[in-house]
Structures are given as C-alpha cells and as structure tokens.
Protein chains: 2
Amino acid sequence: MILEKKKVFLQFATKRGLRSTRQRDLILDVFLSSHEHLSVEELYLKVKASHPGVGQATVYRTLKLFVEAGLAREMTLSDGQTRYEHLLAGEHHDHLICTGCGTIVEFEDETIERVQDEIAVRHGYTISSHRLELYGLCPACKGHQR
Amino acid sequence: MILEKKKVFLQFATKRGLRSTRQRDLILDVFLSSHEHLSVEELYLKVKASHPGVGQATVYRTLKLFVEAGLAREMTLSDGQTRYEHLLAGEHHDHLICTGCGTIVEFEDETIERVQDEIAVRHGYTISSHRLELYGLCPACKGHQR
DNA sequence: TTTACTGTTGATAGTCATTTTCAAAGGATC
DNA sequence: GATCCTTTGAAAATGACTATCAACAGTAAA
Ligand SMILES: [Mn+2]
Ligand SMILES: [Mn+2]
Ligand SMILES: [Zn+2]
Ligand SMILES: [Zn+2]
C-alpha cells in the first residue's frame, strides 16, 4: 500500500521531470505513515521532529505535489486549515465528523452516489466531483454532554 | 418574502436589544434584494455603490447578525471566501455548482437526507447538520468546452 | 428637547494561513 | 568536476477576516 503510493509519486516525478530530493522523500514518508486527516501545520511539526531543518514552505509545496500526483486529497473543514488525506486517483469516500472531538469516520454509499448523478442529469450537469460531510456528535461525545 | 425576513430581523433585534441603524437597514435591503450566494466583498461593493461611507467591518458584522437572526446561512466554497445566502431557520437545500462559470443550482433530495441519517445511526452519531456540494459543468459550459 | 448612557460605526492595526520572493544549496547531465 | 537549472528555507508579502478604539448616534429618562 505504502510502496504503491511511493511508486505513484515516483512515476509522477519522472513524468514531470522533478528532481529527487531528501525533503520530498521525507515528507512523503511522514505523510504515508499517518492515516489521519492532517493539517499542513501538523504534518510540518511531525517532519520537523526528526529533521528540524525542513522549511514550512517546502511542506506546503510538497503536499500540493502529492495531490497532483494523485495520491492525496486536499480537504477543507470549517476550521480554516487545509488538510490532506491519502486518496489514490479513482478512490472516493465521504466524511462523518464529530463536532465534539473532531473524530472522522469515512464512508461510502452507493445510493447517495447514484441519486447525486440523477440530480445532476436532471439539471443537465456533468459531475466531476462532490463533497459530502455529515456533522454531529459521536457516541462518546454524546455521553459527555449529558 | 422580503417583508417576512425583515420582520424576522426586527424581532431578533428587539429580543437582543439591538439598536436600529441606517447601516443595518441598508445592508439588509441590499442582501435581500439579491438572490445569489454573495461573498462579503461582493455585498460590500453593492452597499458602497449607493452609500460610500459604509465600512467593510460593518458589513462583516451585520452579515453575522443575519445568520444569528436565522435569515441567512454562511457558506464556504473552495475559493477561500465566505459567502452568505438567504435561508430561514428550518429551511435547507444543497448545491450543484458549475466549475466553469460558477452557476449554482439549489436542490433538495429526501432520499439522500434519509440515507445520511441511516449512515449516522449506523455509526452511532447524531447529525446536527450536513453539507453536500456537487461540482461539474453546466449545460452552457459543456457546450463551450468542445 | 436636552442629557446621559451605551451600543454602533469606520479606520486602522492585528492575526493567521498560505503564497511569493530570492539568494544559496544541491540534483542531473555531460 | 563544470554547468545548468530546480529546489529549498527564511523572510516578506498577501488576503480574508477580526479586534481595537475614538467618534458617532440611538434611546430613554429628565
Ligand atoms: Mn477521509
Ligand atoms: Mn443556496
Ligand atoms: Zn466526538
Ligand atoms: Zn457553467
């Protein structure tokens, strides 16, 4: 899985004529070793922990490359920070997000996907992507509240 | 329709002990006279066109009041600007957005809403809100492209 | 009305995430 | 190794939004 994504990036880098650098290899390793939905700042801190010299701008730049390479997706929740998650081109899922603790559950639902297409067709649109986020309290947070 | 929303704001203002000001009346008029999904900047420009003295900060502040009053909804697309649209408390709709020209179609679908609830229940979550955006090309833009 | 109180406004400074700039560093090819 | 040109990191710049604060303006009592 991780190796597959490394290969995807390598192929992308080759096709684009990108040079191989320590920084990009490192950032890719850190990114692939985490399965959360990390903000740039969070990723930068993880990177800096082992390699203090790496600059924040490089992390910003490199994450954008991962998206272009087709191994990551950029997502914006309502906290004003851009987050990145693993996602190979062609894969897809939506999010169920706890407003209490931030826990994210990923899901896919073919009924919803199908109805979305029907709606688009009805209006003459051709859908290229979509975004569905459900916000609410997770079981744990529901307990705390009362 | 417009009168109803003005009344909603008036009641909110009364309940909250807000003073009646020229600026808020004006911004409310401009907001209600447009049925688009306007950014704060766009609204500010419309306001400034007839009343150049009004400050940007006042527009920001007033739009937040409209949301609190229950007659507007704040929305964030991917362009990094907050937009506001008409929405009375209790109403709801989702968006179909053209990536070519920005045209927005509003829709509601009870099947999707129902399945969303099922998904939430399955994971033990209690949903408080959601956000669904479909991105693609509208009929007009599909024509242009080819 | 005036007065006195206090909410509101607009200009400006501040914040925060992200982007740009640019000189120095470092891959790649010969 | 020499050359070329991409990449990097620090710092400045940007852009949306928020906080600050003195001047202003509703409001309600006098
Ligand atoms: Mn995810
Ligand atoms: Mn809408
Ligand atoms: Zn939770
Ligand atoms: Zn279009």
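Order of the sequence lines sets the chain letters (A, B, ...), proteins ahead of strands, with each chain counted from 1.
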Peer 1: Where along residues 76-84 of chain B does a heavy atom come under 4.0 Å from DNA chain D, residue by residue in number order?
Peer 2: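 Those residues whose heavy atoms fall under 4.0 Å from DNA chain D, taken from residues 76-84 of chain B in numerical order, are B:G80, B:Q81, B:T82.
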Peer 1: Distance check needed: D:dT7 P versus A:I27 CD1, whole Å only.
Peer 2: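 Spelled out: CD1 on A:I27 to P on D:dT7 is 13 Å.
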Peer 1: Treating A:R24 as the side-chain partner and A:R19 as the backbone partner, does any N or O pair qualify as donor plus acceptor under 3.5 Å?
Peer 2: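 Between the backbone of A:R19 and the side chain of A:R24 there is a qualifying donor-acceptor contact (under 3.5 Å).
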Peer 1: Please encode protein proximity along nucleotides 23-29 of chain D as a string of B, S and -, counting only heavy-atom distances under 4.0 Å.
Peer 2: --BBS--
Peer 1: Which of residues 32-56 of chain B sit near DNA chain D, with a heavy atom under 4.0 Å from it?
Peer 2: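 Those residues whose heavy atoms fall under 4.0 Å from DNA chain D, taken from residues 32-56 of chain B, amount to none.
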Peer 1: Please pick, from C:dA11, D:dA10, D:dA16, the nucleotide with the shortest atom-to-atom distance to any side-chain atom of B:A57.
Peer 2: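 It is C:dA11.
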Peer 1: Below 30° counts as parallel, above 60° as perpendicular, anything between as tilted: where do the rings of B:H86 and B:F31 land?
Peer 2: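 B:H86 vs B:F31 ring planes: tilted.
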Peer 1: Consider only side-chain N and O atoms of A:E133 and A:H95, and report whether a donor and an acceptor are under 3.5 Å apart.
Peer 2: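 No - no donor-acceptor pair under 3.5 Å links their side chains.
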Peer 1: Would you indicate, yes or no, if C:dT19 has its OP1 or OP2 atom less than 4.0 angstrom from a side-chain nitrogen or oxygen of A:Y60?
Peer 2: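 For C:dT19, neither OP1 nor OP2 has a side-chain N or O of A:Y60 closer than 4.0 Å.
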Peer 1: Tell me, which of residues 61-68 of chain A have any heavy atom that sits under 4.0 Å from an atom in DNA chain D?
Peer 2: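 Listed by number, they are A:R61.
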Peer 1: Please work out whether the ring planes of B:H37 and B:H93 are parallel, tilted or perpendicular, with thresholds of 30° and 60°.
Peer 2: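 Answer is perpendicular, since the angle exceeds 60°.
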Peer 1: Who clusters with A:V121? Use side-chain heavy atoms, under 4.5 angstrom, across I, L, V, M, F, W and Y, and order the result by chain and number.
Peer 2: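 Cluster partners of A:V121: none, it stands alone.
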Peer 1: Given the rule that a pair is Watson-Crick or G-U wobble with both distances under 3.5 Å, how would you write DNA chain C in dot-bracket, using | for pairs to a different strand?
Peer 2: ||||||||||||||||||||||||||||||
